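Just below is one structure, and these are the notes that go with it.
First the proteins, then the strands, lettered A, B, ... as listed; each starts at 1. Please read all numbers here as calculations on a predicted model, not as lab measurements.
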2 protein chains.
Amino acid sequence: MSDLGRELSTAVVAFHEAVGAHLGVTAVDQRALALIGRHGPMTAGDLAKRINLTPGAVTGVVDRLERAGLARRHPDPADRRRVLVTAVGGVLGDLFSGLNAAMGELTARYTPEQQQLIADWVTRTVEVLHEQTARLTTRHQPRRNRPPRANDEV
Amino acid sequence: MSDLGRELSTAVVAFHEAVGAHLGVTAVDQRALALIGRHGPMTAGDLAKRINLTPGAVTGVVDRLERAGLARRHPDPADRRRVLVTAVGGVLGDLFSGLNAAMGELTARYTPEQQQLIADWVTRTVEVLHEQTARLTTRHQPRRNRPPRANDEV
DNA sequence: CCTTTTAGTTCAGTGTACTGAAATATCAGG
DNA sequence: CCTGATATTTCAGTACACTGAACTAAAAGG
């Protein structure tokens with residue numbers, strides 16, 4: 001069972017990497033996208049704080065996301081200095097459509113009760129992962145062979 | 001439910017990134033490690049073919065894995081030109097111990113039948129992910145804003 | 001208004017992982 | 001042995017994402 005978890009983990013990571021390579025965006029870019037996907041439109045500055053990057057770096061992140069058609073810059077009508085970054089569903093949806101369809105087929109094979117059970121397990125697993133990720137990022141400080149990486153919450 | 005999948009996905013990726021940052025290894029390094037973890041000890045050349053990297057790059061990969069204590073170089077007794085790269089369980093085990101413990105607790109909450117159901121779902125999900133990853137990496141060629149990345153099977 | 005603060009982009013410099021080629025060491029065959 | 005093939009490392013060059021600082025633009029507050 002713990003082997004299965006490892007397999008799931010690597011499969012998920014491999015898929016994410018494939019998506020990133022396909023679209024020409026980095027892992028950090030994808031984290032930023034997930035962030036605005038979850039929290040809604042966000043200013044570049046907020047994004048910088050969230051993913052622990054300098055404003056200059058965020059410009060690059062958003063550039064790549066825009067070029068890939070995954071996000072768009074939107075001037076804030078209330079404050080014209082600010083730039084709101086919004087996620088664009090279309091392209092990513094296209095890419096994930098195959099996955100979503102296949103997963104839909106898969107879930108359809110289970111009864112509602114079973115689906116409920118699986119959803120429950122997934123929810124708790126996500127919680128565990130968040131806890132363990134936090135444990136890694138806060139308790140120990142990273143080993144610095146390489147430059148400091150953006151590895152905060154997502 | 002598809003939202004849940006997305007959340008699980010990002011949580012998994014975040015954890016992996018945290019581990020990588022903590023140990024000073026890249027995502028590619030981790031893929032290489034997963035590879036030798038699954039297929040057993042492997043020569044540097046095989047590793048190069050598998051992850052689609054030049055031999056020179058593989059030297060760097062193995063260097064980092066060794067430095068992190070995740071792998072070890074082992075001369076092939078049969079052919080002293082070759083270098084067998086073997087995974088070392090200890091360090092990674094320590095890192096994942098928290099996760100494994102937490103996941104163990106989590107699974108213990110379910111009945112054996114329920115565990116079986118979950119395992120079944122996970123297995124099928126892994127299959128789906130592999131298919132979809134293959135679809136991305138083979139059918140379409142990557143968009144090349146950036147240099148070609150190592151994104152093959154894992 | 002005029003100054004100060006804030007938001008974002010631009011730009012030069014840096015670190016790192018990659019490629020491709022040269023170098024080194026070992027095997028295999030006449 | 002000696003030659004040619006094979007496995008890995010070393011090394012120079014390159015690409016890229018990041019930092020930190022300068023710059024532009026807009027808000028805020030006397």
A:Arg72 with A:Glu66: basic N within carboxylate O range, under 4.0 Å: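 So A:Arg72 does not pair with A:Glu66 through a salt bridge.
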Can you measure [X] atom [atom1] to [N] atom [atom2] for me and round it to whole angstrom units?
X	N	atom1	atom2	value
B:Asp63	D:dT10	CG	C1'	11 Å
B:Asp29	C:dT16	CG	C1'	12 Å
B:Arg64	C:dT16	CZ	P	11 Å
A:Lys49	D:dT19	NZ	C1'	18 Å
A:Glu66	C:dG8	CD	P	14 Å
A:Ile51	D:dC18	CD1	P	8 Å
A:Leu84	C:dA7	CG	P	13 Å
B:Leu53	C:dC18	CG	P	5 Å

Considering all heavy atoms of both residues, which atom of [X] and which atom of [Y] are nearest to each other, and what is their separation?
X	Y	value
A:Arg82	A:Thr43	CD-CG2, 3.5 Å
A:Glu7	A:Thr10	O-OG1, 3.0 Å
A:Gln132	B:Phe15	CB-CE1, 3.7 Å

Positive for side chain to side chain contact (heavy atoms under 4.5 Å, CB included) with A:His16, one of B:Val12, B:Leu129, B:Thr133, B:Val13: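 By the side chain to side chain contact (heavy atoms under 4.5 Å, CB included) criterion, A:His16 pairs with just one of B:Val12, B:Leu129, B:Thr133, B:Val13: B:Val13.
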For B:Leu33, the option from B:Ile36, B:Leu35, B:Asp29 that meets side chain to side chain contact (heavy atoms under 4.5 Å, CB included):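 Considering B:Ile36, B:Leu35, B:Asp29, a side chain to side chain contact (heavy atoms under 4.5 Å, CB included) with B:Leu33 is found only for B:Ile36.
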Pair listing, salt bridge (Lys or Arg N to Asp or Glu O under 4.0 Å) test, anchored in residues 107-124 of chain A, at least two apart: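 Non-adjacent pairs meeting salt bridge (Lys or Arg N to Asp or Glu O under 4.0 Å): A:Asp120-A:Arg124.
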Could you please name the option among [options] that lies closest to any side-chain atom of [X]?
X	options	value
B:Val83	D:dT19, C:dT9, D:dT8	D:dT8
A:Thr43	C:dT9, D:dT19, C:dG8	C:dG8
A:Ala44	C:dG8, C:dA17, D:dT8	C:dG8
B:Thr59	C:dC18, C:dT9, D:dT8	D:dT8

DNA chain D: 5'-proximal contact among B:Asp46 and A:Gly60 (nearest heavy atom):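 Nearest nucleotide further toward 5': that of B:Asp46.
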Phosphate OP1/OP2 of D:dA25 contacted by A:Arg82 side-chain N/O (<4.0 Å):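 For D:dA25, neither OP1 nor OP2 has a side-chain N or O of A:Arg82 closer than 4.0 Å.
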Every protein N/O within reach of nucleotides 24-30 of chain C N/O, cut-off under 3.5 Å:
| residue | atom | partner | partner atom | Å |
| --- | --- | --- | --- | --- |
| C:dT26 | O2 | B:Arg81 | NH1 | 3.4 |
| C:dC27 | OP1 | B:Arg80 | N | 2.9 |

Touch class at under 4.0 angstrom, heavy-atom based, for B:Gly56 against every strand present: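 Touches a base.
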Residue whose nearest DNA chain C nucleotide is more 5′ - B:Ala57 or A:Gly45: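 Checking each residue's closest nucleotide, the 5'-ward one belongs to A:Gly45.
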